Amino acid sequence: MSATFSPAGTLRSSYDDIARRVTLAFDAAVDLAPGWQLAFTSLQQLTPVDTDRIDLVEQLASFHRLRPVEPIGLGAGSTWEIGECEVSHQARHANDGPASAYVVSSDGSTVPVTVAPMLGPPALTPARPSVHDLEWLDEHIDASDGRPTLLPYPNHLAITDTTPSDTRTAHLAAFDDGADAAWSAVAALARRRGSDALTDDGTAAVTARLDARLGASAYRLLVDGTSIDGPSIEVTAGDLDGFRHAFVTLAQWLPSGLPNGARIVDRPRYAWRGVHLDVARQWFEPEVVERLIDDAAWRKLSRVHLHLTDDEAWRLPVARYPALAEVGARRGHGLPIPPLLGSGAEPVGRAYTPDEIARWVERADELGVVLVPEIDLPGHLHAALTALPELRDPDDTSEATSVQYFEDNVLVPGIDATHRFIVDVIDAVAELFPTSPWIHVGGDEVPDGAWSGSPIARAWARSHGMSTTNEIEAAIHREVVDAIRDRSGRAVGAWEEAARTRGAVPGDGYVVGWQSIDINRELAARGFDVVIAPGQAYYLDMAEDTAWATPGMSWAGSTSLADVCAFDPEAGWSAAERAHIVGLQACLWTEHVHDEAALRDRLFPRLDAIAERAWTGSIVGGAASVARRSAAIR
Ligand code: ACM
């Protein structure tokens with residue numbers, strides 16, 4: 001099986017928003033002998049309408065394999081009209097259509113197929129200027145807003161002597177315990193980003209003192225460029241985090257030259273300043289996560305939430321279940337998990353290794369970033385259930401379909417293997433992430449009707465006096481929470497659904513409200529500590545605008561930098577509700593994010609607006625200022 005030669009053709013698609021249908025056609029570039037099939041993945045599930053002509057041989061979520069009902073040869077230059085397909089959701093962007101494709105030849109070999117961007121309705125195509133458009137940036141962004149290019153901007157910054165100095169580097173001259181380690185970590189971070197600003201022979205002499213009275217994560221910084229002994233910088237920090245924050249501020253500021261006098265008094269508004277990355281939907285090399293940890297620390301974000309498991313892949317190594325990595329982490333043609341969400345015939349993906357995870361933990365610990373590993377239970381488990389079929393009820397007839405079109409992707413209570421699996425996975429995640437105070441256990445999007453046709457789950461539910469899906473869901477959640485507490489002593493994070501089913505209770509840890517800001521507020525009013533991440537503002541997988549060609553999702557609308565900046569998460573909250581805000585989190589789901597370049601394109605500059613809001617509670621200078629400072633620190 002090889003995919004090294006030229007494409008077998010092109011898959012074309014167009015979307016009709018009135019009929020809500022996608023029309024597909026395959027232009028062959030080579031001669032195909034009868035017996036060939038066409039496979040493709042798509043963000044949407046597409047179901048051909050003309051079943052007299054088109055045989056849908058296989059369909060799993062976003063994977064489709066088709067063939068003509070009557071086997072026919074296809075000559076180079078001819079077209080196979082697949083015709084109209086029903087779509088699972090309204091399309092809003094070209095990337096809602098086919099994302100990858102290949103031909104399976106009559107001899108079983110596979111040949112890649114080019115995928116043309118899906119054509120869309122003209123009404124959906126007006127573009128609004130993108131902040132990635134440098135010409136637009138030049139025209140619209142006031143480059144003279146005069147602020148130092150710091151991001152997040154400090155809460156209090158006064159330039160006390162505007163005389164420009166040539167102070168572009170600094171060294172650590174005197175320090176209290178811990179400051180030297182913080183300095184080394186931030187200096188190394190800066191070097192990885194191409195700056196030698198913090199260096200042993202730097203121009204300015206930094207003294208770093210600890211003063212616990214400043215409080216957690218806080219720092220003060222005093223620049224004096226006038227002394228005859230040379231420029232000096234006094235740093236006072238409330239704790240180790242405060243030192244890191246002060247040094248990041250310096251490392252961002254020095255390259256553009258410090259003024260002769262400046263004073264900063266700074267502390268974060270929220271302890272939880274998070275960014276989430278879905279490493280299940282796509283395979284990202286471990287270095288991508290290392291770079292994300294760096295990106296987080298550089299913006300004074302304090303949490304990196306790693307979504308390690310989902311229907312499409314399981315990326316956590318669990319020694320007791322090698323199949324989770326061997327089967328559950330790879331997809332490709334002919335494998336138990338087929339290509340999905342843009343992957344092709346060749347096998348792709350794997351689980352991360354314990355050594356790779358240890359490197360993340362080490363990097364995060366030295367930079368003061370807390371990793372929050374997520375194992376998504378009891379739904380979103382297609383990959384794990386494919387790897388470990390003993391976790392399924394063989395007689396389950398529920399056919400409960402998830403929003404991403406996976407059937408019966410849930411843990412089944414009442415099977416001994418399920419309860420062992422929960423414990424073993426919790427032990428593994430606790431061991432792999434030894435310094436994480438929280439384990440996030442998912443809890444989102446359990447499909448309607450889950451367990452309804454599972455004799456084992458129904459018998460178990462009856463014997464425990466339960467009759468609804470919600471009750472089962474909540475009971476599994478409680479089992480997981482109790483196991484985490486008892487076995488690892490960690491607190492528990494969960495998506496909002498766990499609180500809605502009453503599986504999660506205030507005091508377990510925290511919940512993330514994602515479907516709307518109102519839900520966050522409701523949960524806070526019920527006494528839950530909330531991490532605010534509403535899709536409408538903080539899901540960075542949402543497209544930045546409504547243009548058809550703009551990449552991204554659309555279920556929560558489109559979210560420009562200006563939208564993110566304008567969103568005030570606390571607006572209208574009572575003081576009692578505010579007391580339950582733990583912080584803010586940007587989330588990046590990766591269904592359509594096929595590589596690191598796309599990942600960075602979705603993150604920046606919008607993540608920087610969220611980092612600023614989480615640090616200061618506001619956006620300093622508006623979207624134009626964020627865009628300018630974001631570009632400068634990247
Ligand atoms: C989620 O977006 N399903 C948490």
Side-chain angles (χ1 to χ4, degrees), residues 148 150-160 167 169-191 193 195 197-200 202-225 227 231-255 258-259 261-274 293-304 362-370 435 437 583 611-612 614-617 620 633:
L150 299 171
L151 199 144
Y153 203 74
N155 282 281
H156 303 283
L157 183 155
I159 311 272
T160 50
T167 305
T169 56
H171 70 278
L172 187 62
F175 51 86
D176 280 350
D177 248 10
D180 49 341
W183 177 272
S184 301
V186 176
L189 169 66
R191 277 197 301 279
R193 308 180 73 85
S195 160
L198 308 189
T199 176
D200 287 350
T203 311
V206 176
T207 55
R209 303 268 168 247
L210 198 63
D211 183 347
R213 287 171 305 178
L214 287 187
S217 306
Y219 70 95
R220 287 182 188 197
L221 198 151
L222 211 56
V223 178
D224 179 0
S227 156
S232 67
I233 299 166
E234 265 178 43
V235 166
T236 318
D239 58 10
L240 207 55
D241 255 348
F243 282 130
R244 289 190 201 97
H245 294 146
F247 300 152
V248 166
T249 298
L250 271 181
Q252 286 188 1
W253 200 356
L254 280 161
L258 293 188
R263 191 176 60 238
I264 292 177
V265 180
D266 209 10
R267 67 168 58 201
R269 169 144 188 106
Y270 302 114
W272 193 290
R273 305 176 303 279
I293 295 167
D294 276 3
D295 282 322
W298 194 239
R299 290 157 174 82
K300 302 191 175 89
L301 293 172
S302 59
R303 312 280 185 260
V304 170
E362 191 184 347
R363 174 69 60 86
D365 285 353
E366 72 187 26
L367 290 173
V369 172
V370 172
T435 52
E612 181 133 311
W615 183 267
T616 65
V620 177
I633 65 147

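FYI, the numbering just counts along the sequence from 1. Quantities reported herein were computed from a predicted structural model and do not represent experimental measurements.
In plain terms, the two heavy atoms of R273 and A614 that are nearest each other are CG-CB, 3.5 Å. Annotation for A208 and A179: closest pair CB-CB, 3.7 Å, computed over non-hydrogen atoms. Considering every non-hydrogen atom in both P437 and V370, the closest pair reads CD-CG1, 3.5 Å. Considering every non-hydrogen atom in both A216 and D239, the closest pair reads CA-OD2, 3.3 Å. Nearest heavy-atom pair, A364 versus I293, reported as atom, atom and distance to 0.1 Å: CA-CG2, 3.8 Å. In this structure, D365 and R244 approach most closely via the heavy-atom pair O-NH2, 3.7 Å.
The residue from L210, L222, D211 that alone fulfils the side chain to side chain contact (heavy atoms under 4.5 Å, CB included) condition with T236 is D211. If you run side chain to side chain contact (heavy atoms under 4.5 Å, CB included) between W298 and each of L151, L367, L189, only L189 comes through. Checked options D266, T616, V265; the residue passing with H156 is V265 (criterion: side chain to side chain contact (heavy atoms under 4.5 Å, CB included)).
Looking at heavy atoms from C-beta onward, T249 lies in side-chain contact with K300 at the 4.5 angstrom threshold. With a 4.5 Å cut-off on side-chain heavy atoms, P231 and T203 count as touching. Looking only at side-chain heavy atoms (C-beta outward), V369 and L301 stay at 4.5 Å or farther from each other.
Judged purely by atom type and a 3.5 angstrom limit, H171 has no side-chain atom pairing as donor or acceptor with the backbone of V206. One N or O on the side chain of T160 and one on the backbone of A262 form a donor-acceptor pair closer than 3.5 Å. The main-chain N or O of N155 is never found under 3.5 Å from a side-chain atom of R269 such that the two would form a donor-acceptor pair.
Rounded to the nearest 0.5 angstrom, F243 CZ and L172 CG are separated by 9.0 Å. With values rounded to the nearest 0.5 angstrom, R263 atom CZ is found 11.5 Å from L221 atom CG. The line from CD of E612 to CG of L150 is 9.5 Å long, rounded to the nearest 0.5 Å. Expressed to the nearest 0.5 Å, how far CG of D241 lies from CZ of R267 amounts to 13.0 Å. The CG atom of L258 sits 5.5 Å away from the OG1 atom of T167 when rounded to the nearest 0.5 Å. Atoms CH2 and OG, from W615 and S302 in turn, are 9.0 Å apart once rounded to the nearest 0.5 Å.
Under a 4.0 Å N-O distance rule, the pair R193/D295 qualifies as a salt bridge.
Listed by first and then second residue, the side chain to side chain donor-acceptor pair (under 3.5 Å) pairs that reach into residues 175-189 are D176-R209, sequence neighbours excluded.
When the shell of 6.0 Å around CD of E366 is examined, it contains more than 12 heavy atoms from other residues, nucleotides or ligands.
Between Y219 and H245, the ring planes lie tilted relative to each other; the angle falls in the 30° to 60° range.
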